[in-house]
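Quick note on labels: first sequence line is chain A, next is B, and so on, each numbered from 1. Remember, predicted model here, so these are calculated numbers, not experimental data.
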Amino acid sequence: MTPRALLAVALLGAALPALAGEIATADRRSGYDFMSPETKAMQDDDTANPAMLSVLDGETLWTTKAGAANKSCNDCHGAVDVSMKGVAARYPAFNAASAAPVDLGQRVNLCRGQHQEAEAFAPESRELLALTALIARQSRGMPITAGGDPRLTPFLARGRELFVQRQGQLNLACANCHDDNWDKHLAGSSITQGQPTGYPIYRLEWQGMGSLQRRLRGCMTGVRAQAFDFDAPDMIALELYLMSRARGMTIDAPAVRP
Amino acid sequence: MAAALVNVPAKARRGAVIEIKTLMSHVMEPGYRHTAAGEVVPRDIITSFTCRFNGAEIFRADLYPAIAANPFLSFFTTASESGKFEFEWIGDNGFVATASAAITVE
């Protein structure tokens with residue numbers, strides 16, 4: 001390790017207190033609250049929010065027949081604004097077949113495989129982001145309810161464990177920033193609480209759409225850890241913990257984030 | 001056809017100043033970036049945007065590589081009569097996209 005890296009680690013170790021614990025319910029704030037007025041305005045106007053282009057895309061896919069079954073999402077589910085209302089607010093949800101939680105993207109791909117008999121969409125593909133953006137939008141303004149199913153208890157515990165576990169060369173846990181230092185800045189950026197209210201998001205830094213998994217992988221790379229693979233069980237457990245940590249907060253998907 | 005979102009008021013009073021907002025999906029690849037293998041990613045941008053009202057051009061913009069993906073353009077005009085706005089985006093690799101919106105002026 002170079003002297004500079006050693007110094008950085010020493011400074012971080014000194015600056016960060018021991019785990020201070022969870023954020024009180026009344027103090028929880030969405031990433032939206034940390035944004036500049038300009039970025040908020042971009043999200044608030046559906047004709048300025050670039051994530052709405054992805055939603056438009058999703059509307060087309062929703063009614064497009066696919067796979068050996070030659071069925072569209074609409075053929076089974078009907079109008080998306082009725083059938084998918086509130087659905088995103090309770091994902092990741094327990095999937096009995098695999099006896100494990102699945103996130104919204106995985107749930108869409110289950111329908112692709114089992115019900116359309118079509119190939120799964122790749123993680124972060126245009127199609128998967130478009131359909132999850134469309135579905136998430138139907139929960140806009142509704143409270144997050146994920147994590148209530150008692151069968152999820154062991155997965156929630158695993159997610160919490162991952163959240164507070166130090167990792168990577170910088171030896172930082174998610175909680176070190178997002179529970180303990182969310183009111184501070186890292187360089188010019190707000191640290192934020194890591195509340196997943198708006199996914200999938202249009203991130204200005206990406207110049208495009210991305211899922212919560214992509215965002216989490218970015219943070220893992222940031223602390224110089226090996227990022228979890230897309231759809232890995234630990235990734236889903238972490239998503240589940242984050243959603244349950246935000247239970248009761250309002251969905252603002254598809255959001256814009258810096 | 002690439003997805004576009006346009007926001008034009010459906011109704012306006014004669015003489016009122018109205019805002020028109022347009023958002024077009026496009027990667028706006030600047031042509032200065034390299035792949036991991038060192039190859040230049042070819043430029044692929046929108047180069048021009050035009051708005052016509054009842055056939056007459058009322059707004060035009062040239063776009064350049066430093067403009068972000070999914071260009072958002074907003075501008076103002078005066079509502080003179082009822083009619084139709086037509087929008088056109090033209091770009092590299094034969095990119096052409098159009099959209100339109102009607103307005104009733106009272």
**Student:** Chain B heavy atoms under 4.5 Å from A:Leu56: which part of the residue, side chain, backbone, both or neither?
**Tutor:** side chain
**Student:** So for B:Val27, is it side chain, backbone, both, or neither that comes closer than 4.5 Å to the heavy atoms of chain A?
**Tutor:** neither
**Student:** On a heavy-atom basis, which atom in B:Leu5 and which in A:Met52 lie closest, and how many Å separate them?
**Tutor:** CD1-CB, 3.6 Å
**Student:** Spell out the residues in residues 47-64 of chain B that have some non-hydrogen atom less than 4.5 Å away from a non-hydrogen atom of chain A, in order of number; otherwise answer 'none'.
**Tutor:** none
**Student:** Below 3.5 angstrom, are there any donor-acceptor pairs between chain B and chain A, and if so, which atoms and how far apart?
**Tutor:**
| unit_1 | atom_1 | unit_2 | atom_2 | d |
| --- | --- | --- | --- | --- |
| B:Asn7 | ND2 | A:Thr47 | OG1 | 3.0 |
| B:Lys21 | NZ | A:Asp45 | OD2 | 2.5 |
| B:Ala69 | N | A:Gln207 | OE1 | 2.6 |
| B:Asn70 | ND2 | A:Tyr202 | OH | 2.9 |

